[in-house]
Enquirer: 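Quick one: the structure is below, questions incoming.
Only a predicted model underlies this, so the values are computations on that prediction, with no experimental measurement involved. Scope of the values below: all heavy atoms of this structure, side chains included, with no hydrogens, waters or symmetry mates.
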Amino acid sequence: MIEKKNTILVVDDEDEIRKMLNIFLDVADFKVVESENGKQAIRLSASVKPDLILLDLGLPDIDGKEVIQTIRQWSNVPIIVLTARSEDMDAAPALNLGADDYVTKPFSAEVLLARINANLRKSVVREVGEPDVVNGPIRMDLVRHEVFIDENKVPFTPKEYDLLRFFLVNRGRMLTHKQILKEVWGPAHVDDTQYLRVYIGQVREKLETKPGLSKSIVSESGIGYRMEIVAETAA
């Protein structure tokens, strides 16, 4: 089973740098998407929706600071700027334009990994107020993309994870079919209600790891679904 991983968009025009980062980040259990120029990076940031961007400022087509400005028009994705020592003066303007952090080349793998994890954690806290979302026996680690039921890890596919995450963040609220489909699958799928029913069934089956927990997702015919707020002692 393929579990959800944090996706990192690596933007650098140097093949060797991208290859090195790809190897290191893969070992650290991240999914990597590569871009060699700024315009491509902007397109990928919109289509792939990475969890974090590593951005070299010295790109061949447009300035890296322009990439930051453009992405910040629609996204708060964490951006870590990669600069050469001779370009350190560019870091402050990049931060002022919306970058979250910077690392100077050459950098150690340990330092970069620490910055990545810190910014991922800060990002989810900023979005939902906490790095974990809990509903009774269900706990979702939003940084590591892991789901626990009674502190036992339960594997979810990426789409199952996204669907459960949307329910957990909005627990107690009625969500329409269109709201769920738009958030989890995108605007092109707002009418795929049969598709949604299949995934709801799969998520309920995994929640049933704890008998009765699948009933926490209730359906309202013709409207949508709601995840009930579950007591810690729920059977």
Enquirer: What pairs of donor and acceptor atoms, side-chain ones from residues 108-117 against any protein atom, are under 3.5 angstrom apart with sequence neighbours left out?
Expert:
unit_1 : atom_1 : unit_2 : atom_2 : d
Ser108 : OG     : Val111 : N      : 3.1
Arg115 : NH1    : Tyr102 : O      : 2.7
Asn117 : ND2    : Leu113 : O      : 3.4

Enquirer: Is any side-chain heavy atom of Leu57 closer than 4.5 Å to a side-chain heavy atom of Leu82?
Expert: no
Enquirer: Please assess Lys105 against Thr83 for the test side chain to side chain contact (heavy atoms under 4.5 Å, CB included), listing each intermediate value before the final yes or no.
Expert: CA-CA 6 Å; Lys105 301 176 185 178; Thr83 70; over 6 Å; no
Enquirer: Does the distance from a Lys or Arg side-chain N to an Asp or Glu carboxylate O, for Glu151 and Arg139, drop under 4.0 Å?
Expert: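 Yes.
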Enquirer: State plainly whether the residues Asp150 and Lys210 are in salt-bridge range, i.e. N to O under 4.0 Å.
Expert: yes
Enquirer: I'd like to check Thr7 versus Phe30 (side-chain heavy atoms, cut-off strictly below 4.5 Å). Are they in contact?
Expert: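 No, their side chains stay 4.5 Å or more apart.
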Enquirer: Between Phe156 and His145, is the gap from one ring center to the other below 6.0 Å?
Expert: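 Distance test on ring centres: not under 6.0 Å, no.
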Enquirer: For Val133 and Asn135: C-alpha separation, side-chain torsions, deciding distance, then whether side chain to side chain contact (heavy atoms under 4.5 Å, CB included) applies.
Expert: CA-CA 7 Å; Val133 178; Asn135 189 21; 6.0 Å; no
Enquirer: If you define the side chain from C-beta out and look only at heavy atoms, does anything of Val10 sit under 4.5 Å from Leu25?
Expert: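 They are in side-chain contact.
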Enquirer: Take Gln40 and Arg43, measure what side-chain hydrogen bond (donor to acceptor under 3.5 Å, both in side chains) needs, and give me the verdict at the end.
Expert: CA-CA 5 Å; Gln40 182 186 41; Arg43 290 195 299 271; 5.9 Å; no
Enquirer: Check the pair Tyr225 / Ile200 against side chain to side chain contact (heavy atoms under 4.5 Å, CB included), numbers first and verdict last.
Expert: CA-CA 9 Å; Tyr225 297 89; Ile200 291 285; 3.9 Å; yes
Enquirer: If we only count heavy atoms from C-beta on, is the Pro137 to Phe148 side-chain gap below 4.5 Å?
Expert: no
Enquirer: Should the pair Glu228-Arg226 be classified as a salt bridge under the 4.0 Å nitrogen-to-oxygen rule?
Expert: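 Yes.
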Enquirer: Is there a side-chain contact between Val67 and Ile42 in this structure, where contact means two heavy atoms from C-beta onward sitting under 4.5 Å apart?
Expert: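 Yes, at least one pair of side-chain atoms sits under 4.5 Å.
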Enquirer: Measuring only between side-chain heavy atoms, which start at C-beta, is Leu9 closer than 4.5 Å to Val48?
Expert: no
Enquirer: Tell me, please, which residues at least two apart from Asp192 pass side-chain hydrogen bond (donor to acceptor under 3.5 Å, both in side chains).
Expert: His189
Enquirer: Considering only heavy atoms from C-beta outward, does the side chain of Asp13 approach that of Asn37 to under 4.5 Å?
Expert: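 Counting from C-beta outward, Asp13 and Asn37 never come under 4.5 Å.
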Enquirer: Any side-chain heavy atom of Val81 sitting closer than 4.5 Å to one from Asp56?
Expert: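 With C-beta onward as the side chain, the pair stays apart.
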Enquirer: Is it the case that over 12 heavy atoms from other parts of the model lie below 6.0 angstrom from the CD atom of Glu205?
Expert: no
Enquirer: Sequence neighbours left out, what passes side-chain hydrogen bond (donor to acceptor under 3.5 Å, both in side chains) with Asp100? Give chain and number order.
Expert: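 Here the qualifying residues are Arg72.
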Enquirer: So, the side chain of Ser75 versus the backbone of Ile71: is there a donor-acceptor pair under 3.5 Å, distance only?
Expert: no
Enquirer: Is there a side chain to side chain contact (heavy atoms under 4.5 Å, CB included) between Asp51 and Leu120? Walk through the geometry before answering.
Expert: CA-CA 7 Å; Asp51 298 288; Leu120 286 172; 3.9 Å; yes
Enquirer: Within the distance-only criterion (no hydrogens, no angle test), does the side chain of Asn22 pair as donor or acceptor with the backbone N or O of Arg18 below 3.5 angstrom?
Expert: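 Here the side-chain-to-backbone pair does not exist.
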Enquirer: Are Asp191 and Lys178 close enough for a salt bridge, meaning some N to O gap below 4.0 Å?
Expert: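 Yes, this pair counts.
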Enquirer: In terms of side-chain geometry, is the basic nitrogen of Arg165 or Asp162 positioned less than 4.0 Å from the acidic oxygen of its partner?
Expert: no
Enquirer: Check this for me: Lys31, atom NZ, are more than 12 non-hydrogen atoms of other residues, nucleotides or ligands nearer than 6.0 Å?
Expert: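 For Lys31, atom NZ is not crowded (no more than 12 foreign heavy atoms under 6.0 Å).
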